[in-house]
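Treat the numbers as computed from the prediction; the structure is a model and nothing was measured. First listed ligand is number 1; within each ligand, the first listed atom is number 1.
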Amino acid sequence: MNSSSESYDEEGEIFETEVEKAPPSLPSVPGPSVDRLSNRNRGSRSPAISHNSDDARSTLSRHDRRDQDYQYRDCDYPRGEKRRRGDSRGDRGPDPRQHRVHYEAGGDPNYGRRPRVSYADIDRSDAREFPRQPYGNQDDRYCRELKRSRTRSRSPPRGPRGDASRGDNGRGSRGRGYYDDNRRENGNRYHEKDTARHDESRKHSREQSVSEQGDFSESSKRDAENRSKVPDRTSSVVRKMANGSRNVPNEKGPLKRAHQEPEIEEPVDEAKLIEERRKKREAIKAKYRGQATPLLVSALGLSDSTPNSPAESIATPVTPSSRENTPADMFIISKDGVPAPVETPAPQSPIDHDSPSAADYDPTIDMQEDAKRGQEHRHVKEVSSAVYDETKTTVKDVLFPSVTEQNQGKLDKADDDDFDMFAEGDDDDMFAEPLSKPSRKEESESTKVVPVIPAAKQLDVSLLDNWDDPEGYYRVILSELLDNRYRVQTNLGRGMFSGVVRALDQATNQQVAIKIIRNNETMKKAGMKEIEILKKLCAADPDDKKHLVRLERYFEHKGHLCIVFENLSINLREVLKKYGRNEGISLGAVRSYAQQMFLGLSLMRKCNILHADLKPDNVLANENCSMLKICDLGSASDASENDITPYLVSRFYRAPEIILGIPYDYAIDMWSIGCTLYELFTGKILFTGRTNNQMLRSIMECRGKFAHKLLRKGQFTGLHFDDMLNFRSIEKDKITGKDIIKTMNFNKPTRELRPRLLAAASGMTDAESKDLNLFIDLLDRCLNLNPEKRCTPVEALKHPFIHRVK
Ligand SMILES: Nc1ncnc2c1ncn2[C@@H]1O[C@H](COP(=O)(O)OP(=O)(O)OP(=O)(O)O)[C@@H](O)[C@H]1O
């Protein structure tokens with residue numbers, strides 16, 4: 001199915017010409033301010049998500065990176081987890097390398113906790129085998145080949161797991177499916193089992209965590225209040241614009257968090273309110289007309305009434321260049337881009353209640369489940385619980401000196417201020433880490449509270465006998481000098497393969513992100529492959545215009561391969577969390593992001609590279625979120641290495657041809673981008689399923705049935721369809737817990753794209769609706785069930801949603 005490389009090159013050239021000659025401007029982008037309140041009562045056509053059934057099994061190839069964390073386990077490469085910036089795992093024992101430092105005093109009390117309604121609660125697997133699974137002798141392949149099965153995304157708040165041997169107390173694979181299934185299927189059973197299984201110390205921790213939060217009823221009350229308020233979807237920049245001042249008190253960042261809402265609620269004439277908002281938006285447009293960046297023009301829809309000058313229409317790129325750093329207050333992401341002095345209480349949207357929030361989704365868990373599925377039937381006897389405990393890491397990997405009293409105060413206060421209504425249920429989470437203070441505060445706090453960083457120092461090797469933690473991650477010490485050049489500043493996160501730190505390059509005085517690969521040969525080899533691919537991509541984009549993360553250089557440090565990248569900020573899931581939780585972000589921002597991602601994909605296609613793990617978590621933004629880079633090329637491969645494997649790509653972003661075992665190509669990345677764009681606009685995950693089988697169901701509910709011709713090409717079609725090519729939905733009986741098979745047909749899709757997207761928009765002007773229709777059309781093309789008919793990146797860039805011809 002792979003197209004010839006010539007055709008890609010050709011497309012690349014076409015694209016190059018287009019972009020460099022006359023990048024499309026977005027002259028008539030309507031404002032992103034979407035007042036959705038008026039449409040909140042639209043009915044949802046979404047049926048309940050199925051959470052049942054196990055996945056069908058199929059032969060796994062060496063490309064099955066998604067499952068390979070279990071390979072590592074078998075190979076004594078215990079799997080790690082990603083952790084977020086400022087991740088606080090509590091103290092640990094003394095580190096031999098500590099030089100009068102102690103652990104980072106950061107970390108949100110909610111950091112180690114999963115929101116009650118996170119997707120992780122839904123997407124569990126008890127990983128039973130589908131009887132027809134032809135697994136055979138895959139074990140060797142798993143251990144033999146280096147492929148990345150990775151928990152790709154940065155995990156949302158999550159705490160350290162308990163002792164692996166307990167098996168029921170951690171949040172790793174141990175018992176997850178069990179508890180989550182019970183929680184999902186039988187509500188309170190979860191609590192009963194939870195209580196029964198927790199050891200005393202755990203209970204104590206919980207009690208403590210509750211008491212640390214203060215009176216629980218108070219907390220609930222506060223939560224209820226928060227829930228009753230309309231999320232603040234107004235960016236601070238808009239507020240600034242409206243006030244004509246750049247100094248707005250109480251701002252935490254470029255865009256204020258959704259739940260920081262006006263305290264007062266009073267009955268509001270909604271029509272009047274909408275009218276007021278429109279007027280204000282017009283005032284903002286008037287004020288900034290003529291001085292906005294193209295992106296702002298796009299986001300505010302200024303060009304509606306201000307046609308581009310000829311020069312602009314030729315030369316002004318619609319998106320910021322990769323190197324451009326638009327000021328933070330010039331990019332509006334949230335849908336409601338206007339100030340709202342008094343918000344009406346937000347009625348619960350009837351739309352897509354059953355779709356998990358994209359912001360809450362933890363793809364790490366998703367990956368674990370897929371991996372577990374593959375593992376259980378291959379190595380179940382070989383895998384010890386200790387090795388299986390991929391999440392037990394509790395040490396900080398960057399050791400910080402004491403925060404000053406002043407900073408400590410700030411941290412505490414920040415914690416208090418930042419009450420997160422979405423984290424309310426965390427005490428119910430048996431997997432949650434007991435609160436540790438002070439807490440995370442993610443991005444904004446990491447910039448607000450700067451620990452005192454000692455002077456850079458080269459560590460004395462003779463003092464140290466163990467650089468690595470038990471899982472092979474390098475234990476970095478704050479201010480340690482790497483390669484005699486990079487001074488470590490902070491911890492950015494952990495992936496399956498590496499710990500990532502931010503460091504100051506003393507040669508250039510620029511910040512960089514350094515991926516410190518775990519210490520083993522397999523991972524080093526994987527890192528080298530990533531480097532080769534990045535080199536190829538960077539060489540093909542010397543001007544850094546194609547929105548792919550830049551590799552700067554690499555070196556070895558104490559046995560670890562270290563890859564130096566340009567420094568970026570948060571990923572798109574975090575963007576959604578901050579500015580579009582459950583609501584999605586503005587269409588203008590989605591357009592800008594889409595264009596940047598398609599530019600990146602077009603370059604990859606030109607270089608014959610498949611990313612194979614595109615999702616919001618693997619797209620990083622710059623500080624003001626106006627510019628994106630596609631990151632984490634750890635699963636990328638040459639397009640010719642397209643061995644059939646059913647678990648390639650994170651499940652929700654996995655194209656149907658992968659599940660069906662049809663030879664795949666670049667189109668898998670377009671599918672993933674389509675899912676990602678939907679998620680950005682709606683704040684919901686488009687296709688969800690606990691298993692590949694249920695993914696197919698979810699896909700068909702939305703996209704209709706597969707052509708028989710296509711199904712006949714699939715190696716794994718028989719796992720999901722009967723001889724007549726009717727879909728066999730493998731679900732779990734709620735009473736007996738046994739698998740039941742339902743034959744289903746999808747002649748009439750029940751959860752089509754259009755109504756779901758329309759439901760995510762409200763109060764749109766005619767121009768905005770027109771734009772939305774274009775967006776729907778683009779998604780329709782990205783999500784064609786037939787990969788051969790799916791649009792290419794170049795076609796997407798030419799699509800009228802993105803390429804705006806006047
Ligand atoms: N260039 C960068 N700038 C800022 N942060 C980064 C950068 N690269 C990576 N990070 C942070 O480090 C985390 C881990 O990075 P990455 O996903 O590339 O690591 P990994 O070990 O390959 O993980 P995975 O298991 O997903 O493959 C990211 O989620 C991100 O938060």
Side-chain angles (χ1 to χ4, degrees), residues 65-69 72 77 79-87 146-156 322 362-368 370-371 390-391 397-398 440 442-443 446 471-474 476 486 489-503 505 510-520 522-524 526-527 529-531 533-534 538 547-552 554 560-575 577 611-623 625 627-636 649-650 653:
R65 301 177 180 90
R66 296 293 98 204
D67 289 349
Q68 283 201 337
D69 39 354
Y72 295 120
Y77 303 138
R79 178 179 179 177
E81 61 164 335
K82 264 184 201 179
R83 293 186 290 179
R84 299 154 64 113
R85 295 169 185 80
D87 177 9
L146 166 65
K147 289 297 167 188
R148 300 206 160 197
S149 105
R150 311 171 58 171
T151 47
R152 304 235 130 243
S153 67
R154 302 180 53 213
S155 307
S322 290
D362 177 357
T364 304
I365 297 165
D366 179 39
M367 290 300 95
Q368 289 169 356
D370 266 0
E390 56 203 319
T391 54
D397 28 22
V398 177
R440 147 197 87 164
E442 291 187 52
E443 194 64 11
S446 70
E471 294 173 334
Y473 289 97
Y474 183 66
V476 188
Y486 304 101
Q489 291 183 319
T490 190
N491 178 28
L492 288 177
R494 254 187 193 188
M496 166 68 197
F497 274 66
S498 63
V500 183
V501 296
R502 181 170 288 140
D505 182 351
Q510 296 284 315
Q511 283 186 321
V512 292
I514 304 180
K515 201 165 173 171
I516 307 175
I517 306 291
R518 286 164 73 182
N519 192 359
N520 72 54
T522 311
M523 295 187 188
K524 198 176 281 182
K529 182 175 180 186
E530 186 173 350
I531 288 170
I533 288 174
L534 283 161
C538 288
H547 299 276
L548 270 150
V549 68
R550 302 303 281 188
L551 166 75
E552 298 205 351
Y554 62 96
H560 292 261
L561 175 65
C562 300
I563 312 177
V564 184
F565 292 96
E566 67 176 303
N567 180 51
L568 291 160
S569 188
I570 59 175
N571 67 39
L572 285 186
R573 194 171 305 284
E574 291 167 314
V575 168
K577 261 182 203 157
H611 187 285
D613 197 18
L614 282 171
K615 57 185 175 185
D617 317 78
N618 283 339
V619 182
L620 294 179
N622 65 350
E623 201 150 348
C625 302
M627 189 275 294
L628 301 183
K629 292 281 184 111
I630 291 177
C631 296
D632 197 356
L633 279 287
S635 290
V649 184
S650 299
Y653 309 89

Checklist line | Element-labelled atoms of ligand 1 that are located less than 4.0 Å from some non-hydrogen atom of Gly495 | finding: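 Result: 20 (P), 21 (O), 23 (O), 24 (P), 25 (O).
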Item checked: Phe565: numbered ligand 1 atoms lying under 4.0 Å from its heavy atoms ->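 What qualifies from ligand 1 is 1 (N).
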For [Y], does its backbone N or O pair with a side-chain atom of [X] as donor and acceptor, under 3.5 Å?
{"X": "Gln511", "Y": "Ala503", "answer": "no"}
{"X": "His547", "Y": "Leu628", "answer": "yes"}
{"X": "Arg502", "Y": "Leu568", "answer": "yes"}
{"X": "Asn571", "Y": "Leu620", "answer": "no"}

For ligand 1, note which part of [X] has a heavy atom under 4.0 Å away: side chain, backbone, both or neither.
{"X": "Asn571", "value": "neither"}
{"X": "Ser498", "value": "both"}
{"X": "Phe497", "value": "both"}
{"X": "Lys515", "value": "side chain"}
{"X": "Leu492", "value": "both"}

Check: Are Asp632 and Lys515 close enough for a salt bridge, meaning some N to O gap below 4.0 Å?
Finding: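 A salt bridge links Asp632 with Lys515.
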Next item on the list: From the options Met496, Glu574, Arg502, select the one whose nearest heavy atom is closest to atom 25 (O) of ligand 1.
Entry: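 It is Met496 that holds the nearest heavy atom.
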Margin query: Once rounded to the nearest 0.5 Å, what's the spacing between atom CD1 of Ile563 and atom CG of Leu633?
Written below: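 So the CD1 of Ile563 and the CG of Leu633 are separated by 10.0 Å.
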Check: How close do Met523 and Asn520 get, heavy atom to heavy atom, and via which atoms?
Finding: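 Closest approach of Met523 to Asn520: N-OD1, 2.8 Å.
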Next item on the list: Looking only at non-hydrogen atoms, find the nearest pair between Tyr653 and Leu614 and report the distance.
Entry: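 So the two residues come closest at CB-O, 3.5 Å.
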Does an N or O from [X], backbone or side chain, lie closer than 3.5 Å to an N or O of ligand 1?
{"X": "Glu566", "answer": "yes"}
{"X": "Leu568", "answer": "yes"}
{"X": "Leu620", "answer": "no"}

